[in-house]
Amino acid sequence: FGKTWAATDAAKANSDSARENVELQKDLIVLSVKENYFLQLLSSRLVVVSAQAVDRSELNLKSARGFYEVGRRPKFDVTRAEVDVANARVALIRAQNSVSLARIGLNQAMGIAINAPTRIKDTLAYEHVEFDKDKLVTEALRQRPEYKQARLRSDAAEATVRQNFRDFFPGLFGVGSVGAGNVQNDFQGQGGNNQPGVFTTQTHDWQIGLELRWSIFDGGNKIARYREAKALLEAAQAGVRDTELQIWQQVGQAYVNVVAAEEQIGAAQKAVESAQENFRLSQGRFDAGVGTIIELTDAQLALTQAQATEAQALSDYRVAIARLERSLARR
């Protein structure tokens with residue numbers, strides 16, 4: 001009555017669901033590697049920014065000492081420049097330490113020894129990536145393993161409902177047996193020998209047939225299991241819809257984050273240009289004796305922060321793309 005077929009369908013759907021869980025873990029590993037890759041690129045870029053800040057601070061200190069020695073600047077300018085050099089060197093040490101930590105994270109994500117001297121190619125540059133907004137959700141629903149899992153769980157639950165419903169019918173079984181035996185027969189001797197005798201005959205028996213087994217009284221157990229299966233099916237169907245809505249939300253948010261991160265890159269690059277020009281002017285004013293050391297160090301700090309913000313914006317953009325690709329199950 002289809003009981004075995006329904007059980008097979010449920011088992012197959014559960015097997016496919018487990019297989020999709022493997023694909024889900026692959027997607028998460030890919031995203032983790034990408035995020036740690038861009039984190040290491042950002043850390044390396046911040047080392048360059050910090051090293052440039054140290055060079056500028058040392059140049060300012062050299063200028064301040066020269067002006068102080070000829071009596072054109074007070075001692076305050078020298079001490080302020082020395083503080084800036086020390087702070088810049090501390091920032092450089094922290095940036096270098098961040099590179100080491102980022103390398104450990106990347107090695108772990110790739111599944112290799114954390115002390116492996118991994119070296120990666122610097123791709124932290126702006127490159128526009130085009131996405132068709134109207135097709136993103138469709139692509140995600142077609143490829144996301146979470147959605148496939150939810151649908152397979154629903155299929156398994158539906159097959160379980162069929163199986164429990166068919167338990168109300170009797171079970172049909174084929175039965176058969178085969179056997180062999182010996183039969184002894186008496187006979188009377190003839191001629192000069194009138195003694196009785198015995199001979200043995202071997203026989204074979206075959207039996208084949210069908211049986212219907214039907215458990216009528218089970219205390220309502222079958223009815224309870226059937227109702228439970230229907231409730232689980234409704235929950236699985238609701239899970240499919242919930243997963244679908246979550247994917248819509250994740251794809252929409254990921255796309256908005258990509259657009260926002262891309263816009264931030266342009267603003268950050270403009271800020272770097274303005275900070276470079278401001279530092280150049282402040283340095284000229286200081287060398288001409290009309291600017292103060294505070295004005296110069298503020299311009300130096302603003303330039304360093306603008307460069308760091310630009311690097312962060314580039315990294316955020318690449319990470320946002322990686323997360324959008326994850327929401328689409330792209331690798």
*Asks:* For residues 232-240, please give each side-chain donor-acceptor pair under 3.5 Å, one per line with the distance, not counting sequence neighbours.
*Replies:*
none

*Asks:* Identify each donor-acceptor pair in which a side-chain atom of residues 149-160 lies under 3.5 Å from a protein atom, sequence neighbours left out, and give them as a table.
*Replies:*
{"from": "Gln149", "atom 1": "NE2", "to": "Ser17", "atom 2": "O", "distance (Å)": "3.1"}
{"from": "Glu158", "atom 1": "OE1", "to": "Arg162", "atom 2": "NE", "distance (Å)": "3.2"}
{"from": "Glu158", "atom 1": "OE2", "to": "Arg162", "atom 2": "NE", "distance (Å)": "3.1"}
{"from": "Thr160", "atom 1": "OG1", "to": "Ala156", "atom 2": "O", "distance (Å)": "2.8"}

*Asks:* Can you see which heavy atom on Ala306 is nearest to which on Val272, and at what distance?
*Replies:*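 Closest heavy-atom pair between Ala306 and Val272: O-CG2, 3.3 Å.
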*Asks:* Before giving the answer on side-chain hydrogen bond (donor to acceptor under 3.5 Å, both in side chains), spell out for Gln163 and Asp167 the whole-Å C-alpha distance, their side-chain angles and the decisive distance to 0.1 Å.
*Replies:* CA-CA 6 Å; Gln163 180 185 3; Asp167 281 341; 5.3 Å; no
*Asks:* Judged by atom type as modelled, is there a donor-acceptor pair below 3.5 Å linking the side chain of Asn107 to the main-chain atoms of Ala116?
*Replies:* yes
*Asks:* Can you name the residues that form a side chain to side chain contact (heavy atoms under 4.5 Å, CB included) with Val49, not counting sequence neighbours?
*Replies:*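 Residues passing side chain to side chain contact (heavy atoms under 4.5 Å, CB included) with Val49: Thr304, Gln307.
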*Asks:* Check whether Val258 and Leu39 end up in the same hydrophobic cluster, where Ile, Leu, Val, Met, Phe, Trp and Tyr are linked by side-chain heavy atoms less than 4.5 Å apart.
*Replies:*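 No, Val258 does not connect to Leu39 through the hydrophobic network.
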*Asks:* At what distance, to the nearest 0.5 angstrom, does CD of Gln52 lie from CD of Gln300?
*Replies:*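 The distance works out to 10.0 Å.
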*Asks:* Within the supplied structure, the quantity of interest is the number of heavy atoms (other residues, nucleotides, ligands) at a distance under 6.0 Å from Leu245 CG; does it exceed 12?
*Replies:*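 More than 12 within 6.0 Å, yes.
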*Asks:* Taking NZ, NE, NH1 and NH2 as the nitrogens, is one of them in Glu244 or Arg241 under 4.0 Å from a carboxylate oxygen of the other?
*Replies:* yes
*Asks:* Does any part of the side chain of Ser44, heavy atoms only, come nearer than 4.5 Å to the side chain of Asp122, both counted from C-beta?
*Replies:*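 Sidechains of Ser44 and Asp122: no contact.
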*Asks:* Of all the heavy-atom pairs spanning Gln40 and Ala102, show the shortest one and how long it is.
*Replies:*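 Result for this residue pair: CA-CB, 3.7 Å.
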*Asks:* Over all heavy atoms of both residues, which pair between Ala229 and Asn164 is shortest? Give the atoms and the distance, please.
*Replies:* CB-ND2, 3.8 Å
*Asks:* Listed by chain and number, what are the side chain to side chain contact (heavy atoms under 4.5 Å, CB included) partners of Asn115, not counting sequence neighbours?
*Replies:* Ala113
*Asks:* Are Phe131 and Val256 co-members of a hydrophobic cluster defined by side-chain heavy atoms under 4.5 Å apart?
*Replies:* no
*Asks:* Apply side chain to side chain contact (heavy atoms under 4.5 Å, CB included) to Arg65 and Lys62, showing your working.
*Replies:* CA-CA 5 Å; Arg65 283 175 176 171; Lys62 182 178 180 180; 6.0 Å; no
*Asks:* Are any non-hydrogen side-chain atoms of Ser43 and Leu46 less than 4.5 angstrom apart?
*Replies:*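 Not touching, per the 4.5 Å side-chain cut-off.
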*Asks:* Testing Thr123, Leu42, Thr118 for side-chain contact (heavy atoms from CB on, under 4.5 Å) with Tyr37, which one passes?
*Replies:*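 When side-chain contact (heavy atoms from CB on, under 4.5 Å) is applied between Tyr37 and each of Thr123, Leu42, Thr118, only Thr123 qualifies.
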*Asks:* Counting only heavy atoms not in Glu277, do more than 12 fall under 6.0 Å of its CD?
*Replies:* yes
*Asks:* Rounded to the nearest 0.5 Å, how far does CZ of Arg103 lie from CG of Leu106?
*Replies:*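 Nearest 0.5 Å value for the CG-CZ distance: 9.0 Å.
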*Asks:* Rounded to the nearest 0.5 Å, what separation is found between the OG1 atom of Thr243 and the CD atom of Glu146?
*Replies:*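 Output value for this atom pair is 8.0 Å.
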*Asks:* Quick one: side-chain hydrogen bond (donor to acceptor under 3.5 Å, both in side chains) pairs with a partner in residues 249-261, sequence neighbours left out?
*Replies:*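 Residue pairs with at least one partner in residues 249-261: Arg144-Gln250.
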*Asks:* Verify the neighbour count for atom NZ of Lys133: are there more than 12 heavy atoms of other residues, nucleotides or ligands below 6.0 Å?
*Replies:* no
*Asks:* Going by atom type alone, with no hydrogens or angles, which donor-acceptor pairs under 3.5 Å involve a side-chain atom of residues 22-33 and a protein atom two or more places apart or on another chain?
*Replies:*
{"from": "Glu23", "atom 1": "OE1", "to": "Arg331", "atom 2": "NH2", "distance (Å)": "3.0"}
{"from": "Asp27", "atom 1": "OD1", "to": "Arg331", "atom 2": "NE", "distance (Å)": "2.6"}
{"from": "Asp27", "atom 1": "OD1", "to": "Arg331", "atom 2": "NH2", "distance (Å)": "3.0"}
{"from": "Ser32", "atom 1": "OG", "to": "Asn36", "atom 2": "ND2", "distance (Å)": "3.4"}

*Asks:* Among residues at least two apart in sequence or on other chains, which ones pass side chain to side chain contact (heavy atoms under 4.5 Å, CB included) with Ile265?
*Replies:*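 If we apply the side chain to side chain contact (heavy atoms under 4.5 Å, CB included) test to Ile265, skipping adjacent residues, the hits are Tyr126, Gln269, Ala313, Leu314, Tyr317.
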*Asks:* Give the C-alpha distance, both sets of side-chain angles, the deciding distance and a yes or no for salt bridge (charged side-chain N to carboxylate O under 4.0 Å, His left out) between Arg330 and Glu139.
*Replies:* CA-CA 9 Å; Arg330 291 185 186 179; Glu139 179 181 352; 2.7 Å; yes
*Asks:* Mind checking who shares a hydrophobic cluster with Phe279, ILVMFWY linked at side-chain heavy-atom distances under 4.5 Å?
*Replies:* Phe67, Phe76, Phe286, Ile293, Ile294, Leu296, Leu303
*Asks:* Using a cut-off of 6.0 Å, state whether more than 12 heavy atoms not belonging to Lys3 lie near its atom NZ.
*Replies:*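 It does: Lys3 NZ has more than 12 such atoms within range.
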*Asks:* Can you confirm whether Glu273 sits close enough to Lys270 that some side-chain heavy atom of one is under 4.5 Å from a side-chain heavy atom of the other?
*Replies:*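 Yes, at least one pair of side-chain atoms sits under 4.5 Å.
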*Asks:* Just verifying a value: how many Å separate Glu82 CD and Asp77 CG, rounded to the nearest 0.5 Å?
*Replies:* 11.0 Å
*Asks:* Hey, does Leu301 have a side-chain heavy atom less than 4.5 Å from the side chain of Thr297?
*Replies:*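 No. Closest side-chain heavy atoms not under 4.5 Å.
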*Asks:* Under 4.0 Å between a Lys/Arg side-chain N and an Asp/Glu carboxylate O for Arg318 and Glu325?
*Replies:*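 Answer for the salt bridge query: no.
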*Asks:* How long is the gap from CZ on Arg72 to OG on Ser63, to the nearest 0.5 Å?
*Replies:* 10.5 Å
*Asks:* Can you check salt bridge (charged side-chain N to carboxylate O under 4.0 Å, His left out) on Glu69 and Lys75, steps first, answer last?
*Replies:* CA-CA 9 Å; Glu69 290 173 358; Lys75 180 66 174 178; over 6 Å; no
*Asks:* How many angstroms lie between CD in Glu35 and OG in Ser315, if you round to the nearest 0.5 Å?
*Replies:*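 Between Glu35 CD and Ser315 OG, I get 9.5 Å after rounding to 0.5 Å.
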*Asks:* Only counting residues at least two apart or in another chain, list the ones meeting side-chain hydrogen bond (donor to acceptor under 3.5 Å, both in side chains) with Asp132.
*Replies:* none
*Asks:* Testing the basics here: between Leu59 and Gln283, what is the closest heavy-atom pair and its distance to 0.1 Å?
*Replies:* CD2-NE2, 3.6 Å
*Asks:* Is it true that Val54 and Leu61 fall in one hydrophobic cluster, defined by side-chain heavy atoms closer than 4.5 Å?
*Replies:* no
*Asks:* Are Leu101 and Val48 linked, directly or through intermediate hydrophobic residues, by side-chain heavy-atom contacts shorter than 4.5 Å (ILVMFWY only)?
*Replies:* no
*Asks:* Has Phe165 got more than 12 heavy atoms of other residues, nucleotides or ligands less than 6.0 Å from its CZ?
*Replies:* no
*Asks:* Considering residues at least two apart in sequence or located in another chain, which fulfil the salt bridge (charged side-chain N to carboxylate O under 4.0 Å, His left out) criterion with Lys12?
*Replies:* Asp16
*Asks:* By salt bridge (charged side-chain N to carboxylate O under 4.0 Å, His left out), which residues pair with Arg227, not counting sequence neighbours?
*Replies:*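 With sequence neighbours excluded, Arg227 shows a salt bridge (charged side-chain N to carboxylate O under 4.0 Å, His left out) to no residue whatsoever.
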*Asks:* In terms of heavy-atom contacts, does CG of Leu281 have more than 12 from other residues, nucleotides or ligands at under 6.0 Å?
*Replies:* yes
*Asks:* Can you give me the closest heavy-atom contact between Asn278 and Ala299, atom names plus distance?
*Replies:* ND2-CB, 3.6 Å
*Asks:* Would the distance check show the side chain of Arg285 and the main-chain N or O of Thr292 forming a donor-acceptor pair, the cut-off being under 3.5 Å?
*Replies:* no
*Asks:* Can you name the nearest heavy-atom pair linking Glu310 to Ala268, along with the distance?
*Replies:* CA-CB, 3.7 Å
*Asks:* Only pairs under 3.5 Å count here: list side-chain donor-acceptor contacts from residues 84-99, not counting sequence neighbours, and write none if there are none.
*Replies:*
{"from": "Asn87", "atom 1": "ND2", "to": "Val83", "atom 2": "O", "distance (Å)": "3.3"}
{"from": "Arg89", "atom 1": "NH2", "to": "Glu58", "atom 2": "OE2", "distance (Å)": "2.8"}
{"from": "Ser98", "atom 1": "OG", "to": "Arg94", "atom 2": "O", "distance (Å)": "3.0"}

